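So that the names make sense, note that chain A is the first sequence line, chain B the second, and so on, each numbered from 1. Computed from a predicted model, the values in this text were never measured in an experiment.
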There are 2 protein chains.
Amino acid sequence: MNMQAEATDTRTAHAAAFADLDFDLLRRYVQVIRHKLTADQYLYHAGQPFQALYFVHSGCLKTVELADDGRDQVTGFRMRGDLLGIESIGLRQHACSAVALEQGEVWELPYPAMLTACRELPELQAKLTAALAEQIRQDHAWMLNVGTLNAEQRVASFLVDVAARYARLGYSARHFILRMRRTDMANFLALKHETVSRAMTRLDDLRLIAVERREVRVLDDAGLRRMAAGCAS
Amino acid sequence: MNMQAEATDTRTAHAAAFADLDFDLLRRYVQVIRHKLTADQYLYHAGQPFQALYFVHSGCLKTVELADDGRDQVTGFRMRGDLLGIESIGLRQHACSAVALEQGEVWELPYPAMLTACRELPELQAKLTAALAEQIRQDHAWMLNVGTLNAEQRVASFLVDVAARYARLGYSARHFILRMRRTDMANFLALKHETVSRAMTRLDDLRLIAVERREVRVLDDAGLRRMAAGCAS
DNA sequence: CGAACACTTGATGGACTTCAACCACGGTGG
DNA sequence: CCACCGTGGTTGAAGTCCATCAAGTGTTCG
C-alpha cells in the first residue's frame, strides 16, 4: 500500500504525532495536570462538560460511543502518546466516554489554555490539526475493514494494528499482551466475543499466531498481514 | 460561529458549519477557484498530491477509501456547504478519492493559502478545527450504527440522516431524490445492494416511506426514527 | 475456598450474501 | 419510430457466516 509516502499503514501512523511534543515548552502556556487512573475508571462520561484534552502517558483506554437507547460502540483504543477528547472539540459536552482498561496516567490539558497556546505556537496548532485529521483517517480505515473483511480477517487486521502500535512505542511487535477483554475487541470490530474467540483460535490453528488468553505471539507476520488484507487464503 | 449548542444529532450537525463562512473575507487571503463537475467525475484520486480543500457549492459527491487489494469503502456523501479533503491534512497525498454523483460545482481552496489565512483569521482556524472534529463525530456515529443496527435499521437511519441534511439546506425533508445508486448506499452501510433494495421495500411495506427507485417520500417520520434507533418494532 | 468474571467451545438458527432472473428506464442508431 | 442494449433496481431461492443459546473451563480476587 504505497499510495502514501509515509503513513503507509494509516491506522498506525495515528495521533502519536503528539508523542514528540515539547511539554516543557507547552507548560509555559498550559497548566498540565496529572491524573492517575485505575482499571475500569472513567476519564470522562459522554454528556459531561468538555473542558480539556488528555494526553495518555501510560496505560490503555477505550473510547465508547453510546446511543440513548443503550447501544454502545467502542470507537478506539488509546495508548501512550495518544490524545483523548479531540472528538468533542467544538461541543460543550463530551460526545463519548473514555474508560481506562488498566491503571495508567493521563495528562490533562485544559482546552481554553490550549487554544491560546495554539495562537502562540504554530507548531502546536499544526500538531493538533494533524491529530484530528489522522483520527479521521484511522476511522476511515476502520470503516474499510469492517465493511469489507470477514471475522477472521478483521481480527487479524486488529492484531497487526496492535503489533504496529507496540512497535512504535518500542515494545515487541512479536509478543504482547492485549489490554482489552474479548468483549471490547468484539464490540470494536462489530462482532460478538464468541466470534472473536473462535477467530483467534483459528489464527492459532493456522500457525499465524500463538494465543493464550490475552497473550499473543505472532508466528507468521507476513501470513497474518495477508490475512488482514483481503486475501482469501 | 456558535460552538454549536445543539449537535444533538451529531450526524446532521456536520461540517456544514463551513456553510456560513464569509467568502468575501476569505478571498482576501485565498484564491478561490471554481470547478464544474459532471457525474462520475473524480475531484481527486487517492494518491494524488494533496494541495487544496474543496467547498461543495452544489451537487453531491462521495468519498471512497480504497485498499491496494481492490477493496473499497464509501466513507461519506458531501453536499452543499460541506468541506472535502480535510481527511488528507498532514499528508502529501490524498488518503481517499472523491467522486461526483451528479453535476455540480466545488470551490477549490489552496491549502498553503488556507494555512496562512488561518493565522490571520482565528475564526477560520476555529471553523476548520470544528469541521475536523465534527467529521470524527460523524464517523463515530456511523460506527455505532453499522456496529449495532441490522440492515433495515441502517437504511432507516441513513434516510433520516439524508432528510435532515436536506432540511438543513432548505429543501423538503419529507420528499427527496436520492443522489446515489443503491450500490453506493449499500457500500456505505456495509451491506449489499440487494439487501438495501429489500430493506427499502420493507420500509415501504411498513408505510414508513414510499419509495420509487430514487424518489423517497417520508410517510411516518416518527416511525422511521424509531426504526433508525434500535427499536425492534 | 468459592463466587464472579473472562474465555472457550459446541449446536442451532437466522440474517445477510450470493447467484440468478427479471423489469424499468434512457439513450443510440438502424 | 422503435428495436436494441446497458445500467440500475427489484425480487426469488439457496447457501454461508455469524449471532445466539448453552455449557464448561480457567483465572482472579474478595
Any sub-3.5 Å donor-acceptor pair from R181(A)'s side-chain atoms to L101(A)'s backbone N or O?
-> no
Describe the nucleic acid contact of R198(A) in one word from base, sugar-phosphate, nothing, applying a heavy-atom distance below 4.0 Å.
-> base
Check: G85(A) main-chain N/O paired with Y44(A) side-chain donor or acceptor under 3.5 Å | yes
So where does chain A start and stop touching DNA chain D, 5' to 3', when the test is distance under 4.0 Å to a non-hydrogen atom?
-> dC18(D) to dT27(D)
Whole-Å distance separating the CZ atom of R181(A) from the P atom of dT8(C) = 14 Å
Verdict with supporting geometry, E215(A) and R217(A), salt bridge (charged side-chain N to carboxylate O under 4.0 Å, His left out) = CA-CA 7 Å; E215(A) 187 177 2; R217(A) 229 174 267 272; 3.4 Å; yes
Between NZ of K192(A) and P of dT8(C) the distance, given in whole Å, is 17 Å
Spacing of E194(B) atom CD relative to dC23(C) atom P, expressed in whole Å = 17 Å
Just how far, in rounded Å, is P of dA15(C) from CD of Q153(B)?
-> 11 Å
Hey, do the aromatic rings of F77(A) and F188(A) have their centres closer than 6.0 Å?
-> yes
Rounded distance (Å) that lies between atom C1' of dC7(C) and atom CE of M180(A) = 15 Å
In whole angstroms, how far is the P atom of dC16(C) from the NE2 atom of H193(B)?
-> 16 Å
When you match E152(A) and E212(A) each to their closest nucleotide on DNA chain D, which lands nearer the 5' end?
-> E152(A)
Can you tell me how far P of dC5(C) sits from CG of D184(A), to the nearest Å?
-> 15 Å
R202(B) atom CZ, neighbour heavy-atom count above 12 within 6.0 Å = no
In whole angstroms, how far is the P atom of dG10(C) from the CZ atom of R202(A)?
-> 14 Å
Any side-chain donor near an acceptor of the partner, H94(B) and E87(B), under 3.5 Å = no
Mapping R213(B) and L149(A) onto DNA chain D by nearest heavy atom, which one lands closer to the 5' end?
-> R213(B)
Flag yes if more than 12 heavy atoms outside Q48(A) fall under 6.0 Å of its CD atom; otherwise flag no.
-> yes
